[in-house]
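One structure below.
Values reported hereafter were calculated over all heavy atoms of this structure, with side chains retained and with hydrogens, waters and symmetry mates removed. As the structure lists them, so they are numbered: ligands from 1, and atoms in each ligand from 1.
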Amino acid sequence: MKFYSTNNTSSRVSFKDAVFNSMPQDKGLYMPVSIPRLDDKFINNLDGYTLPEIAFHVAQNLLGDDIPADDLKVIIDDAINFYAPIIKLESNVYVLELFHGPSLAFKDFGARFMSRVMSYFLEEGEKQLDVLVATSGDTGGAVALGFLGVPNTRVTILYPKGKVSDIQELQLTTNGQNIRALEIEGTFDDCQALVKQAFTDPELNAKYRLTSANSINIARLIPQTFYYFNAYAQALKLGKNKIVFSVPSGNFGNIGAGLLAWKMGLPVQHFIAATNANDTVPQFLKTGVYQPKPSVATLSNAMDVGNPSNWVRIADMFKDDAAHLGQVISGYRFNDDETLAAIKSIYDHYKYVACPHTAIAWQALKDYQQDQHTDNTTGIFLSTAHPCKFPDVLPAEIAGHVEVPEQVASLKAKEKQAVSLGKDFEGFKNYLLKNA
Ligand SMILES: *Cc1c(COP(=O)(O)O)cnc(C)c1O
C-alpha cells in the first residue's frame with residue numbers, strides 16, 4: 001500500500017517512509033491511497049475470529065505486501081497481547097475496555113504496534129532510532145512501555161513537573177533500559193516546544209536519528225481499527241449487529257480509526273464524538289464552521305485539545321461527500337460538572353467506575369439514545385483509560401472502589417528516575433548532546 005499526504009493526494013510514499021517521517025513535508029497527514037473494503041465473508045463471520053486474527057487480517061488488507069505475512073503476524077502477536085472486552089452495563093449499553101495493556105490506556109494499541117513496526121523497518125547497521133516525546137501523561141506512558149526493550153531504539157520523554165498523576169509519573173520514570181525521563185520545569189506546551197525545536201536543530205539532527213511518536217503517525221492509527229472490528233465481533237456473538245460507538249475524543253485519532261474501520265466495511269450505524277469543553281468538532285457538526293481554538297484545561301485532560309490533529313484525516317475520508325459526515329457522526333460536549341455527575345451516575349447505576357474521559361463517552365451515548373427515540377441499536381462506549389490513573393479526579397467515595405490492576409502494584413515498588421531540566425532549549429540540547 002502506498003500513502004499520500006492529505007495536502008497532496010498525488011504524492012506517494014511507502015509505508016516505511018510514512019512511519020519514519022510521521023508527517024509529510026507539506027504538513028498534511030498520511031493516508032492510504034485507497035481504503036480496501038474487506039470481504040463480506042470476513043465481516044459477517046467476525047465472531048469466529050480472535051483479536052489477533054482480526055488484527056492480522058485488517059492490517060494485511062491495509063498494508064498489502066509492505067510487511068510479509070509471517071513478519072506481520074509476529075509483530076501483531078507481540079504488540080496486541082492483551083484483551084479488549086465489551087462489558088454489558090444495560091441491555092443496549094456496553095463499555096469497550098481498552099485499558100488492559102501495560103500503560104492502562106488505549107494508546108497502548110498504537111504505541112506497541114508502532115514501536116515494533118519501526119524496529120522491524122530499521123536495517124542492519126542503521127543508526128539507533130531516537131524517539132523524542134512530550135507528554136501530558138498518557139501518551140508518554142504508552143510510548144515508554146511500547147518501546148521498552150525494543151532493539152535499536154531509545155525514547156526520551158519530556159513531561160511537565162507536577163502536572164501528571166502519580167501513576168503516570170511512575171510509568172514514565174521507572175523503566176530504565178532504553179527509556180529516559182526528563183522532568184521539565186514548565187507546562188506541557190513547554191515540553192512540546194522543546195521537542196519541536198530539537199527536530200529542527202541541525203546539530204542534534206546530525207548526531208542523532210530523531211523521530212517523534214505522536215498521535216499522527218499512521219502506524220498508531222492502523223492498530224486502533226483492530227478493536228472496533230473486535231468489539232463488533234463480540235457484539236455479533238451476543239446477537240447484536242446494529243452498533244453505535246461513542247468515542248471520547250481529543251486529537252480524534254481514536255474515532256478516526258473507527259471511521260477507517262467503517263470505510264473498510266465494518267457496518268457501524270453511527271459514531272458519537274464526545275468531547276469535554278474543548279468542543280471544536282461538536283461545534284463544527286452543529287454549525288458547519290470549523291474553528292480551532294486554544295485548549296482549555298479540564299478534568300479529562302487527555303482530551304484537552306482545541307485543534308485536533310487527526311481531524312484532517314476524517315475530513316479526507318469524507319471529502320467526496322461532506323454532507324455524509326453529519327449523518328455518520330454526532331457531536332456531544334460536556335463540562336467538568338457534567339463529567340463528575342456522569343462518573344457518579346455510572347457508579348450509581350452499575351457500580352462501575354469510569355475514568356473522566358470514559359464518563360464523557362457514556363453521557364454522550366445516553367444523550368444520543370434519548371435523542372433518537374428509537375431503540376433498536378446497541379451502544380458501545382469506549383473506555384480509554386483505567387480509572388486508577390486519575391485518583392484525584394474521582395469523587396472520594398468512588399475512588400475507594402477502584403480495583404488496582406497488577407500493572408500498578410508492581411510500579412509502586414519501583415523507584416522514580418528522572419533528570420530535572422528547565423524549559424530553555426539550550427539546557428535540553430546540552431543534555432542530549434552530552435548523553436549519547
Ligand atoms: C489520548 C486519550 C484520549 C483522546 O484520544 P484521541 O485519539 O486523541 O481522540 C481519550 N482518553 C484518554 C484516556 C486518552 O489518553
### Query
Could you state the interatomic distance from CG (Asp304) to OG (Ser136), rounded to the nearest 0.5 Å?
7.5 Å

### Query
How far does CG of Asp138 sit from CD of Gln168, to the nearest 0.5 angstrom?
5.0 Å

### Message
Show the atoms of ligand 1 that are less than 4.0 angstrom away from any heavy atom in Lys107.
### Response
1 (C), 2 (C), 3 (C), 14 (C), 15 (O)

#### Entry: Polar atom proximity, His357 to ligand 1 (N or O, under 3.5 Å)
no

### Message
Parallel, tilted or perpendicular: which one describes the rings of Phe42 and Phe229, with boundaries at 30° and 60°?
### Response
tilted

### Task
For Thr135 and Gly140, indicate whether the former's side chain and the latter's backbone hold a donor-acceptor pair under 3.5 Å.
yes

### Message
Check the orientation of Trp311 and Tyr290. Use parallel for under 30°, tilted for 30 to 60°, and perpendicular for over 60°.
### Response
parallel

### Query
Any N or O of Cys355 that comes nearer than 3.5 Å to an N or O of ligand 1?
no

### Message
Would Lys351 and Tyr347 count as a cation-pi pair here, with the cationic atom under 6.0 angstrom from the ring centre and within 45° of the axis?
### Response
yes

### Task
Could you tell me how the ring of Phe425 sits relative to the ring of Phe428: parallel (under 30°), tilted (30 to 60°) or perpendicular (over 60°)?
perpendicular

### Query
Which is closest to atom 13 (C) of ligand 1 in terms of heavy atoms, Asp138, Thr358, Thr135?
Asp138

### Nearest protein heavy atom with distance in Å, relative to atom 5 (O) of ligand 1
Phe106 CZ, 3.4 Å

#### Entry: Shortest protein heavy-atom distance from atom 11 (N) of ligand 1, along with the residue and atom involved
Thr384 OG1, 2.8 Å

### Summary
atom 4 (C) of ligand 1 sits nearest the protein heavy atom Gly250 N, 3.6 Å

### Query
Do ligand 1 and Phe252 have nitrogen or oxygen atoms that lie under 3.5 Å from each other?
yes

### Task
Kindly confirm or rule out an N or O of Ser249 lying under 3.5 angstrom from an N or O of ligand 1.
no

### Query
So among Leu365, Asp371, Asp279, Thr275, which one has a side-chain contact (heavy atoms from CB on, under 4.5 Å) with Tyr332?
Asp371

### Query
Which heavy atom of the protein is the closest neighbour of atom 8 (O) of ligand 1, given with residue, atom name and distance?
Asn251 N, 2.8 Å

### Query
Between Thr377 and His270, is any side-chain donor less than 3.5 angstrom from a side-chain acceptor?
no

### Query
Which atoms of ligand 1 are found less than 4.0 Å from any heavy atom of Ala385?
13 (C)

#### Entry: For Asn254, atoms of ligand 1 separated by under 4.0 Å from a heavy atom
7 (O)

### Query
Can you list the ligand 1 atoms lying under 4.0 Å from a non-hydrogen atom of Pro248?
4 (C), 10 (C)

#### Entry: Geometric N/O contact Gly253 with ligand 1, under 3.5 angstrom
yes

### Query
Quick one: which ligand 1 atoms are inside 4.0 Å of a heavy atom on Met303?
10 (C)

#### Entry: Candidate pair Phe3 and Phe15, rule ring pair (Phe, Tyr, Trp, His ring centres under 6.0 Å), full reasoning
CA-CA 7 Å; Phe3 291 78; Phe15 179 53; 5.6 Å; yes

